Amino acid sequence: MSASDDSTTNNATSPASNFIRHIIEQDLQSGKHNGRVQTRFPPEPNGFLHIGHAKSICLNFGVADSYGGQCNLRFDDTNPEKESQEYVNAIAEDIRWLGFQWSGDIRYTSSYFDALHDFAVQLIEKGKAYVCSLSPEQAREYRGTLTSPGTDSPYRERSIEENLALFAQMRAGEFPDGAHSLRAKIDMASPNINMRDPVLYRIRHVEHHQTGSKWPIYPMYDYAHCISDAMECVTHSLCTLEFEDHRPLYDWILQTLESKSLSAASDSTRAASDYVLPRQIEFARLNINYTVMSKRKLKELVTENHVNGWDDPRMPTLSGLRRRGFTPESIRNFCERAGVARSAGTVDVGMLEHSIREDLDSNAPRAMCVLRPLKVTLSNYPEDKPQTLVLPCHPKNEAMGTREISFAKTLYIDATDFEEVPPPKYKRLSPRVEVRLRGGYVIRCDEVVKNAAGEVIELLCSYDPETLGVNPVGRKVKGVIHWVPADTALDVEVRIYDRLFNKENPDDKSIADYKECLNPDSLLVLTGCKAEPSLKTAAAEASFQFEREGYFCVDRHDSNAEKIVFNRTVTLRDSWAKISG
RNA sequence: UGGGGUGUCGCCAAGUUGGUAAGGCACAAGGUUUUGAUCCUUGCAUGCGUUGGUUCGAGUCCAGCCACCCCAGCCA
C-alpha cells in the first residue's frame, strides 16, 4: 500500500490528525532528521500479537507510509527465557496478514549483541558503567523506594580496569547467573527510579532462539532498545505510556555513547555529522471493554484452557480475530477510528463491531442458514414440482453475482421466527399470519403440529403461488424470514461467540481475579444447523452474511468437506432485540 | 508523602499563533427497504476536571486545588 492512492479509495478511513503526526510534520519542516521518517515495530516474541499491538503496528507503519518513510520489524529478543521461535513466526505472519510490509529483512535485537557488547565496553571505559556484585535482593534494598533515595553500591567505585576485566569474565561465562551485573553509573538519588544505576547486562546461562549458546550475558531492554533504534537510524521511536519514565535513560545512554561510533555501527549511509539520534514518543495503549489485553493474562487463558489456544475466536489476539472472521481492513479502520493520544482510555467494543460490520456489509456475499431448524410443510405446494430460485449474492452489488437455491414442499425456518402467541409488533410467523420467505413466496401458517411434550415440531403452511417476486395485491405482508429447502440443505455446525468476560473491565480493582468474570456462555456450539446448498463450496475463512442473523466465516482449522463449521463473527444490528427486550 | 503523566458529549477524539466547541461509535426520531440489515435525513457539550486570575474575548495563557494512570524486575 502506498500513501498516495489513499485519497482515491473511498473505503479507506483517512489518517486522522494526532500529536505524533504533528511532531513528525514539524520535524520534517525543520529538517531535523534530514527529512527522514524511520519507525519500527519492536515486539518481544513471548506471546501472540493482540489488537493492542495492531494499534502500534498501524501507527508505526502508517506514519512511515504517510511521510515516505520506512518501518522496520525488530524482534526485541533480549530475554531468551520467555521467548521462542514459534512466537517469532506467528508474529511475523500476523503482521503480514494485517497488510503491512516491513522494510528489508526481519531484524533482531539479538543480531546486535556484538555491537551492544562493544558499546558496553565503551561505557565502562568512560567510567559510566560498572560491574556490580550485589545480589538482586541486595540491589533492591540499595535502590531505595519511591519516596526515599537509594544508596550507592559498594562496588560503584571499582576501577575501570577491574570493571573491564570483570565484564570480560561475565561475557566469557565464568560466573553463575546473578553473581554480577553491569550497571550504568548515573544517580542513586534520582527521583526517577529508572536512573538509579540501572542494570545494563545480566548473566543468564540459557539458550537463545536466535543466538544459541553464544551468550551467557544478555542486555536489558532499556540498554538495548535505544541503541537498536539508533543503529537502525530510527527517527521516531513510538512506544506506550508506561515507558515515559524510561525516556531519560533512553536519552542518557545514547548521549553518553560516542555519536560517531553509534553512527559507524548504524545503517546510516550519511556522514557521521549528519547522524541524528532517535526520539522516543509515548502514546496511550489500546484498551477495549469486556476483554483483557495483557500478554500475561492472555497466556494464562490459553495455558489454563479457558479458551482453545491463542487463536480462539474469543481472544483479542490478531489470530483469534482472524479466525473469528475479522478482516485486516476492519481492524485497520478500527485502529484509525480509535485514534492515537496520550490519555489512557477504554474503547467500546461496539466500535470494533461497527468496523467489521461496515466491511462485511459491503463485501460479504449473502446466504441463508437456519440455526434452529423448524420444519415447514407447504400443504398446497405440489409434491413433484421443486423449482430453482436464483438469488442475488448481494442486494446492492450485482457484480457479486447470483446463487441458486431450490424451493420445495418441505423447508426449514428458524424456530425463533415463529411464535404461537406473538408479542406486540411481531413481524414474523404465527398462526393465521402471512410472512414472506426471503427470495421466495408468501406463506401463511395454517396449523401447528406439536409433540407429546407440547413442543412445536412442525408448521403446516400454505403458499401463495402469485407472490414470487411480486407483492400480493390488497394486503400488506409485514415480515420476511429466511429459510432453506429441507432435502438439499447442508448440515453444518455453527459456533456462536459472545464476549469472553461479562464485566466491562475485568481488570477493575473491585474484582479480585479477572477470571471471576469469565463469561460461561462465551461459546455456544450449534449442531444440525441447516445451510443453503451453495455454501457447500465455501473456502476456508470465507465470510458470509447469513441473512437476518449476522456475519459468519468458515472456520479455518476445523471446517472440512465432511463437517462444515462456521464461526459467528458478529450479529447484525438488531433493533427488534431492543424493542422486544 | 518522591517522580512522571492525563483530565473536551455515555465511549474514543480533533481543536495552528487566545476569537466564540470537528468527526466517529453509541443513542433517539423519521424515511426507503422481499434482511426488524444496509442506506438516507434529523437530533444529541451555552459546555471543555475544578476554583480563581489575565484579557474586549480562554478549551486554548497564569496560579491553586481535585481525580485518575504509570514507576521501587538482574521483564519488556
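Quick note on labels: first sequence line is chain A, next is B, and so on, each numbered from 1. This is a predicted model, so every value here is computed, not measured.
Using a 30° and 60° split on the angle between ring planes, A:W310 and A:F48 fall in the parallel class, below 30°. Taking the six-membered ring where tryptophan is involved, the planes of A:Y221 and A:H225 are tilted, since the angle between them lies from 30° to 60°. Between A:Y218 and A:H208, the two ring planes are parallel [angle under 30°; tilted spans 30° to 60°]. Taking the six-membered ring for Trp and thresholds of 30 and 60 degrees, A:F546 and A:F552 have nearly parallel ring planes, at less than 30 degrees apart.
A:T145 comes within 4.0 angstrom of a nucleotide base, judged by non-hydrogen atoms across all strands. In this structure, A:D245 reaches the bases: a heavy-atom distance under 4.0 Å links it to at least one base atom across the strands shown. The residue A:K55 sits apart from the nucleic acid: no heavy atom pair falls under 4.0 Å. No contact: A:V442 has no heavy atom under 4.0 Å from any strand. When heavy atoms are screened at a 4.0 angstrom cut-off, A:K478 is found touching no nucleic acid atom at all. Within the nucleic acid shown, A:F175 has no heavy atom closer than 4.0 Å to any nucleic acid atom. Nucleic acid contact class of A:M220 (heavy atoms, under 4.0 Å, all strands): sugar-phosphate only. Counting non-hydrogen atoms under 4.0 angstrom, A:R428 reaches a base of the nucleic acid. When heavy atoms are screened at a 4.0 angstrom cut-off, A:G469 is found touching base atoms of the nucleic acid. Contacts of A:R548 with the nucleic acid, taken as non-hydrogen atoms under 4.0 Å apart, include base atoms. Residue A:H246 is classed as a base contact, given a heavy-atom separation below 4.0 Å to a base. Counting non-hydrogen atoms under 4.0 angstrom, A:L241 reaches nothing in the nucleic acid. At the heavy-atom level, A:E282 lies nowhere under 4.0 Å from the strands shown. Within the nucleic acid shown, A:P395 comes within 4.0 Å of at least one base atom, counting heavy atoms only.
Atom P of B:rU46 sits at a distance of 15 Å from the matching atom of B:rU51, rounded to the whole Å. Look at the P atom in both B:rG36 and B:rU20: the space between them is 46 Å, to the nearest Å. When the C1' atom is compared between B:rA26 and B:rC44, the two are found 11 Å apart, to the nearest whole Å. Annotation: B:rG7 and B:rU1 have their C1' atoms spaced 23 Å apart (nearest Å). Between B:rU35 and B:rA45, the distance separating the two C1' atoms is 36 Å to the nearest Å. When the C1' atom is used for both B:rC9 and B:rG24, the distance is 13 Å, rounded to whole Å. A gap of 48 Å separates the C1' atoms of B:rA63 and B:rU41, to the nearest Å. If you take atom C1' in B:rA21 and the same atom in B:rU60, they sit 11 Å apart, rounded to whole Å.
Using a cutoff of 4.0 Å between basic side-chain nitrogens and carboxylate oxygens, A:D507 and A:K297 are scored as salt-bridged. Salt bridge absent: A:E419 and A:R428 never bring a charged side-chain N and a carboxylate O closer than 4.0 Å. Using a cutoff of 4.0 Å between basic side-chain nitrogens and carboxylate oxygens, A:D361 and A:R366 are scored as salt-bridged. With salt bridges taken as basic N to acidic carboxylate O contacts below 4.0 Å, one links A:R475 and A:D464.
Between atom CZ of residue A:R107 and atom CD of residue A:E232 there is a gap of 5.0 Å, rounded to the nearest 0.5 Å.
Chain A approaches RNA chain B within less than 4.0 angstrom (heavy atoms of the protein), and the contacting nucleotides run 5' to 3' from B:rG2 to B:rA76.
Within 90° of 0 lies the glycosidic angle of B:rG73, which makes this nucleotide syn.
In this structure, A:E174 contributes its side chain and A:M170 its backbone to no donor-acceptor pair below 3.5 Å.
Taking the nucleotide of RNA chain B with the nearest heavy atom to each of A:R357 and A:H394, the more 5' of the two is matched to A:R357. For the pair A:R143 and A:E83, both in contact range of RNA chain B, the more 5′-proximal nearest nucleotide belongs to A:R143.
The stretch residues 344-355 of chain A touches RNA chain B through A:G345, A:T346, A:V347, A:D348, A:G350, A:M351, A:H354, each having a heavy atom under 4.0 angstrom from the strand.
Here the options are A:K185, A:R156, A:R183, the test is side chain to side chain donor-acceptor pair (under 3.5 Å), and the partner is A:D197; only A:R156 passes.
Inspection of the A:R40 and A:S237 side chains reveals an N or O donor paired with an N or O acceptor under 3.5 Å.
Of the nucleotides present, none pairs with B:rU33 by Watson-Crick or G-U wobble criteria with both distances under 3.5 Å. Pairing of B:rC61, defined by two Watson-Crick or G-U wobble distances under 3.5 Å, is identified with B:rG53. Base pairing annotation: B:rG7 forms a Watson-Crick or G-U wobble pair with B:rC66, both donor-acceptor distances under 3.5 Å. Across all strands shown, B:rA45 forms no Watson-Crick or G-U wobble pair with both distances under 3.5 Å.
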